[in-house]
Amino acid sequence: MKRGAGDVVRGGGVVALLAARGARTHRRAWAAVFAALALGSLLLGTLGLAAGSAALGHARVERYAGADAVVAGTQSTRYTTKPWGSEARTVRAGLTERVRVPARALDVVRQVPGVRAVIADVAIPVTAHGVALTGRPWEATRLSEGRPPTGAREIVVGEGVARVGDRLSIAYGTGSATDTYTVTGVSADAHRTVHFSRDEAHRLAGRAGELDAIGVLADSGVPDDVLRTRVRHALDAAQLRDVSAPHRAADDPAPLRVLTGDARGEAEFLAAAPARMPLLQVLASLASVVVLVGVLVVTSTVAQALRQRARELALLRAVGATPWQLRRAVGREVGRIAVLAAAVGAVGAVPAYLALRALLVGRGAVPEGLELPFPPWLAAAPLGTAGLMVLIAWLTALGCCARAARTRPAEALREEEPGRARQLTGCVLLGLGAASAGAGALQHGAAAAAAASASALTMVIGCALLGPWLARGAMRVLGAPMRRLGVGGRLAASACTANAARLGAAITPVVLVTAFVLVQLAGGATLGHEAAAQARDAARADVAVSGPGVPYDAVERIRRLPGVAAATAVAHGTVVLPGKELGEPSLERLPVLGVTPRSLARTLDPAVREGSTDGLRPGTVAVGMDRARTLGVRPGDHVQLRFGDGAEARLRVVATYERALALGDFLFSYEELTRHMSAPPPVRVLAELAPGASPTSLSTAFPGARVERDPVPERVRAEDQALGEVLTAVAVTAIGGFTVIAVLSTLTLISVGRGPELRQLRLAGADRRRLRRMLVLESAATATAGLSLGTATAALPLLAFALSAAGRLPWLPPGQGALIVAVVVLTTASATLLPALGALRGRYPVAAR
């Protein structure tokens with residue numbers, strides 16, 4: 001029979017009445033749901049703002065702000081291959097070493113219609129008074145005092161470097177050549193920069209026919225897009241490519257770029273553009289984890305809030321409430337709470353994002369020059385994530401009341417045990433998690449970390465589904481010792497055994513927080529601990545010499561000093577390794593070292609296992625053992641990779657070594673690595689002294705240099721390591737906050753629902769001391785079972801990851817482990833004991849009102 005309009009109105013009134021009464025009556029239950037939804041909305045809104053800002057990010061325009069366009073080299077490399085059973089795909093990776101422009105492009109751009117002037121720009125590393133500066137041509141700055149340089153021995157300096165009329169001694173080239181210049185002007189634009197005349201700048205650069213970039217000034221009225229198109233066509237017609245083109249791979253073209261607008265900053269801050277994609281990837285990964293954990297926590301909280309009202313819903317069904325009315329009432333009740341909570345979280349997302357951005361910048365996680373804009377319209381992004389949280393809560397509420405809504409009224413008051421389908425699903429998920437951990441043990445790097453995270457998540461969900469059965473198993477282990485602790489222990493053991501479903505719901509969030517936090521913390525801690533240990537074991541040098549006062553050919557001069565037994569020059573750089581990851585093409589950017597191989601083991605011992613590093617020279621490379629196994633190479637084989645400037649090289653392997661976590665997966669000769677760097681790296685020379693020798697001779701030979709005794713161990717660091725550390729801390733805090741709310745809300749709701757049970761026990765003769773002891777032991781059982789299951793859940797993926805990536809067992813700082821245990825214990829104890837105080841108060845129990 002169809003409902004009439006009047007029935008619909010009356011039904012709507014009943015729904016509104018039930019929803020309003022439910023929200024008022026169950027304020028405690030909805031407070032926990034409100035907190036979980038508000039936190040979820042806050043975190044997702046913050047990450048949404050961060051992702052949006054990173055997507056809009058660009059390199060800051062400083063030096064080239066006066067140019068209408070900039071011609072620069074292609075600061076990226078690409079790799080094309082055919083994955084399994086599909087068409088060829090191309091991936092790209094940014095390059096952080098400057099790719100230069102052929103000087104012939106100057107004449108081509110100068111002839112473009114609408115171009116008023118072109119400026120050739122080069123950068124020269126120089127040193128004055130022991131301070132590292134950058135030398136550039138005069139044309140690209142403005143004077144604040146004095147006159148431009150007109151002769152070869154005249155310069156303009158930045159404010160604070162020198163005064164007009166001073167004579168400045170400047171070292172350039174390898175650092176051993178020095179000339180004296182007269183300061184003719186001071187520029188407010190030239191911070192830590194020295195400006196030479198055009199001819200002198202190009203002479204000092206020493207790169208005939210190569211420029212860093214070309215600044216283009218347009219005629220008045222020429223739009224940027226028109227200028228860019230004209231210059232692009234002119235360069236293409238002249239068939240000009242950047243200077244790295246002859247050395248690039250066949251599938252990696254190198255056209256010159258024409259940059260306008262915000263893109264002009266990419267020609268100055270080379271690390272800014274390549275940092276955007278890793279930032280977006282890390283934010284997306286973190287957001288996915290927060291969404292998954294948020295779904296688990298919100299669904300668990302909403303489900304527990306409605307589970308406490310199962311008898312109430314069953315009674316409404318028994319007295320004639322229709323399934324439609326029940327679903328609408330619960331949906332409206334949850335929706336009202338969810339909308340308010342999500343709105344509160346969305347409002348708080350803006351200041352939370354600003355705090356996150358300040359933290360990233362303060363910790364050096366954002367490279368210099370990367371701008372993260374925050375336009376006003378972006379502030380509306382948290383509304384979308386708030387809507388997602390409302391939808392999750394609403395669907396969960398409908399799912400949780402589905403059984404009561406479809407059950408016949410006469411059967412609604414009967415309780416139902418968890419079914420076989422739930423048990424089977426949980427077992428399947430545990431099996432899939434174990435399989436994922438096994439697959440992670442065979443992977444390397446990011447693939448192994450992704451497999452470990454997927455394994456932990458799958459196994460946590462499996463544990464949540466198997467909660468009642470795991471609780472029964474836990475009580476078989478914990479029940480016997482608890483019963484030996486007197487009456488309180490027997491009461492606690494009996495209560496936990498009789499209410500396995502309740503105990504399973506209580507331990508699930510504890511398993512969640514323990515497993516996720518352990519995987520997040522212990523994974524990075526294991527790698528860091530092993531890398532630090534390898535760096536300490538590799539360190540053999542007695543002193544290190546570094547600083548602007550050290551010339552680039554210092555290693556040979558140091559070797560000849562009296563008392564020096566061995567010396568090694570060290571340079572840090574990056575390479576890009578093409579390959580396949582899970583069948584898909586990948587370009588992996590890796591930190592590497594360049595060293596002078598003579599007597600290397602006496603200053604920096606990589607623990608060579610096959611071959612010898614004595615053969616390191618241009619055209620050769622040493623490979624870490626794990627990477628060598630992944631690539632399937634041994635001494636005598638060849639590896640193909642790309643340097644930081646995009647040049648491809650096929651290098652012969654001369655050695656494999658163990659300490660790759662500290663020293664990087666590849667060791668190059670110092671000459672090989674530095675020839676592909678846009679500027680000579682800061683000089684650092686490690687030296688071993690003869691017995692009884694003093695480092696005084698080193699200080700005397702290089703005035704102004706820093707001579708470090710017992711130097712800090714040499715160790716490579718990934719470009720996005722600081723970003724990963726900051727966002728890992730954010731992820732752990734977010735997951736911890738989520739799950740603490742889940743633990744508090746679940747246990748609080750359970751304790752509130754046990755009020756009648758506790759009053760009956762008091763009426764039966766149990767005194768307050770015994771009941772308090774019972775509750776303490778129950779919270780201890782919950783914490784112990786949750787911590788044990790969480791640790792076991794995290795152990796398998798962590799073990800696979802640690803053995804694959806570090807070759808050792810997982811490791812966690814004791815302080816962090818103790819903090820996890822303390823948070824779980826305090827949370828479970830407070831959530832169990834505090835809500836029960838009302839039932840334990842007074843000499844005689846008071847009936848519930």
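Position 1 is the first residue of the sequence, and the numbers go up from there.
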Checklist entry - Quick one: does Arg276's side chain have a donor or acceptor within less than 3.5 Å of a partner on Gly57's backbone? => result yes
Checklist entry - Any side-chain heavy-atom pair from Arg78 and Asp251 closer than 4.5 angstrom? => result no
Next on the checklist: Please enumerate all residues that pass side-chain hydrogen bond (donor to acceptor under 3.5 Å, both in side chains) together with Thr385, with sequence neighbours excluded.
Outcome noted: none
Checklist entry - Per the side chain to side chain donor-acceptor pair (under 3.5 Å) rule, which among Arg684, Glu714, Arg717 passes with His572? => result Glu714
Next on the checklist: Students often mix this up, so state it plainly: with edges at 30° and 60°, are the rings of His529 and Trp811 parallel, tilted or perpendicular?
Outcome noted: parallel
Checklist entry - Any Lys/Arg nitrogen of Arg808 or Glu530 sitting under 4.0 Å from an Asp/Glu carboxylate oxygen of the other? => result yes
Checklist entry - Hey, does Leu279 have a side-chain heavy atom less than 4.5 Å from the side chain of Leu372? => result yes
Item to check | Presence of salt bridge, Arg629 and Asp626, under 4.0 angstrom | outcome: yes
Item to check | Presence of salt bridge, Asp212 and Arg100, under 4.0 angstrom | outcome: yes
Checklist entry - Distance only, no hydrogens: is a donor on one side chain within 3.5 Å (strictly under) of an acceptor on the other, for Ser244 and Asp645? => result no
Checklist entry - For Gly45 and Ala349, which heavy atoms make the closest approach, and how far apart are they? => result C-CB, 3.7 Å
Next on the checklist: Using every non-hydrogen atom in the two residues, find where Pro578 and Arg642 come nearest and quote the distance to one decimal.
Outcome noted: CG-NE, 4.3 Å
Next on the checklist: If we ignore hydrogens and angles and just use 3.5 Å, is the side chain of Asp242 paired with the main-chain N or O of Ala245 as donor and acceptor?
Outcome noted: yes
Next on the checklist: So which atom in Ala254 and which in Arg248 form the shortest heavy-atom distance, rounded to 0.1 Å?
Outcome noted: CB-NE, 3.6 Å
Checklist entry - Is the closest side-chain donor-acceptor distance between Arg228 and Thr260 under 3.5 Å? => result yes
Next on the checklist: Please determine whether a side-chain nitrogen of the Lys or Arg among Arg136 and Asp121 lies less than 4.0 Å from a carboxylate oxygen of the Asp or Glu.
Outcome noted: yes
Next on the checklist: Quick check: closest heavy atoms across Arg589 and Gly94, and the distance to 0.1 Å?
Outcome noted: NH1-O, 2.8 Å
Item to check | Contacts of Arg60 that satisfy side-chain hydrogen bond (donor to acceptor under 3.5 Å, both in side chains) - sequence neighbours left out | outcome: Glu62, Glu371
Checklist entry - Do Glu648 and Asp252 have side chains that get closer than 4.5 Å, going by heavy atoms? => result no
Item to check | side chain to side chain donor-acceptor pair (under 3.5 Å): pairs with one or both residues in residues 35-46, sequence neighbours excluded | outcome: none
